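Quantities reported herein were computed from a predicted structural model and do not represent experimental measurements. All heavy atoms count here, side chains included; hydrogens, waters and symmetry mates do not.
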Amino acid sequence: MSDYDDLAARIRALCEGETDEVALMATVACELHHSDDRFDWTGFYRVVGPELLKIGPYQGGHGCLVIPFARGVCGAAARTGQVQIVPDVEAFPGHIACSSSTRSEIVLPVFGAGGRLIGVLDIDSDRPDAFDENDAKALAAILEEVFGGT
Ligand code: SME
């Protein structure tokens, strides 16, 4: 289980002064992924056009390259601007399975300066019901601190 205070402090130190979104995403994906053995795939999908996400920096097995806002858990987070906590991916209509071992998922919208949607953070777990509101709150706070001014 992540110690989110330590993780946030480590990410804060590593990202200090950096404004490049891809560099920030790569750093956050790496630190998140290696902080918690629940996290089996950790990465970003970037907004690259109207209603369109494209894969960004990630850790884990290959992820699908392109996701329209109309599809998947990532699309739902991008479309609604709300965190998606999915305790059972097989029960989520339109879930996109990049790995057959994924059982649960959390996806958070990522907002840049002025509240502009710049992408989503997707974390998959091979464990059922791996994520809760505490994860959502802590991860959202890290994303706000890192990307809120980009
Ligand atoms: N499961 C996601 C797709 C991304 S892969 O899991 C990395 C979704 O349903 O949007």
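The backbone N or O of Gly61 sits less than 3.5 Å from a side-chain atom of Trp41, completing a donor-acceptor pair. A donor-acceptor contact shorter than 3.5 Å is absent between the side chain of Arg46 and the backbone of Gly119. Under the 3.5 Å distance criterion, the side-chain polar atoms of Asp135 are matched with a main-chain donor or acceptor of Asp132. Side chain of Gln84 to main chain of Gln82: a donor-acceptor pair is present (N/O by atom type, distance under 3.5 Å, no hydrogens or angles).
Aromatic ring centroids of Tyr45 and Phe69 lie 6.0 Å or more apart.
Residues Pro128 and Arg103 share a closest heavy-atom pair of N-CB, 3.7 Å. Nearest heavy atom pair, residue Cys64 against residue Ile55, reads O-CD1, 3.6 Å. Scanning both residues, Ala29 and Pro57, for their nearest heavy atoms gives CB-O, 4.0 Å. Shortest non-hydrogen contact noted between Pro109 and Ala77 is CB-O, 4.0 Å. Closest non-hydrogen pair, Ala136 versus Leu108, comes out as O-CD2, 3.6 Å.
Using a 4.5 Å heavy-atom threshold, the side chains of Val47 and Leu52 count as separate. Arg38 is listed as a side-chain neighbour of Ser125, based on a closest heavy-atom distance under 4.5 Å. Counting heavy atoms from C-beta on, the side chains of Ser104 and Asp129 never come closer than 4.5 Å.
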Under the side chain to side chain contact (heavy atoms under 4.5 Å, CB included) criterion, do Phe39 and Asp124 qualify, and how do the steps go? CA-CA 6 Å; Phe39 302 173; Asp124 296 342; over 6 Å; no

Does the pair Arg127 and Asp37 meet the rule for a salt bridge (charged side-chain N to carboxylate O under 4.0 Å, His left out), with working shown? CA-CA 10 Å; Arg127 303 178 191 184; Asp37 57 10; 2.9 Å; yes

Is there a side chain to side chain contact (heavy atoms under 4.5 Å, CB included) between Tyr58 and His33 once you walk through the steps? CA-CA 9 Å; Tyr58 68 93; His33 190 71; over 6 Å; no

For Phe111 and Ile118, run side chain to side chain contact (heavy atoms under 4.5 Å, CB included): C-alpha distance rounded to whole Å, both residues' side-chain angles, the deciding distance at 0.1 Å, then the answer. CA-CA 6 Å; Phe111 299 103; Ile118 63 174; over 6 Å; no

Please assess Phe44 against Val28 for the test side chain to side chain contact (heavy atoms under 4.5 Å, CB included), listing each intermediate value before the final yes or no. CA-CA 9 Å; Phe44 290 88; Val28 172; 3.8 Å; yes

Does the pair Asp126 and Ser101 meet the rule for a side-chain hydrogen bond (donor to acceptor under 3.5 Å, both in side chains), with working shown? CA-CA 6 Å; Asp126 293 348; Ser101 62; 3.0 Å; yes

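Under the salt bridge (Lys or Arg N to Asp or Glu O under 4.0 Å) criterion, Arg71 pairs with no residue, sequence neighbours left out. Residues satisfying the side-chain contact (heavy atoms from CB on, under 4.5 Å) criterion with Val89, sequence neighbours excluded, are Val86, His95, Thr102, Glu105.
The CG atom of Asp122 sits 10.0 Å away from atom CG of Leu53, with the distance rounded to the nearest 0.5 Å. Note that CD1 of Ile11 is 7.5 Å distant from OG of Ser35, once rounded to the nearest 0.5 Å. Here the CG atom belonging to Leu32 is positioned 7.5 Å from the OH atom belonging to Tyr4, to the nearest 0.5 angstrom. Ile142 CD1 to Glu31 CD: the interatomic distance, rounded to the nearest 0.5 Å, is 10.0 Å. Taken from CG in Leu7 to CZ in Arg12, the straight-line distance is 10.0 Å, to the nearest 0.5 Å. Distance check, rounded to the nearest 0.5 Å: CD1 of Ile106 to OG1 of Thr42 gives 11.0 Å.
Linking Ile, Leu, Val, Met, Phe, Trp and Tyr whenever their side-chain heavy atoms come within less than 4.5 Å leaves Leu14 and Val146 in two separate clusters. Val22 and Val120 fall into different hydrophobic clusters, where Ile, Leu, Val, Met, Phe, Trp and Tyr side chains are chained together by heavy-atom contacts under 4.5 Å. At a threshold of 4.5 Å between side-chain heavy atoms, the hydrophobic network of Ile, Leu, Val, Met, Phe, Trp and Tyr places Ile96 and Val66 in one connected group.
Between Lys137 and Glu144 there is no salt bridge, since none of the side-chain N atoms of the basic residue sits less than 4.0 Å from a carboxylate O of the acidic one.
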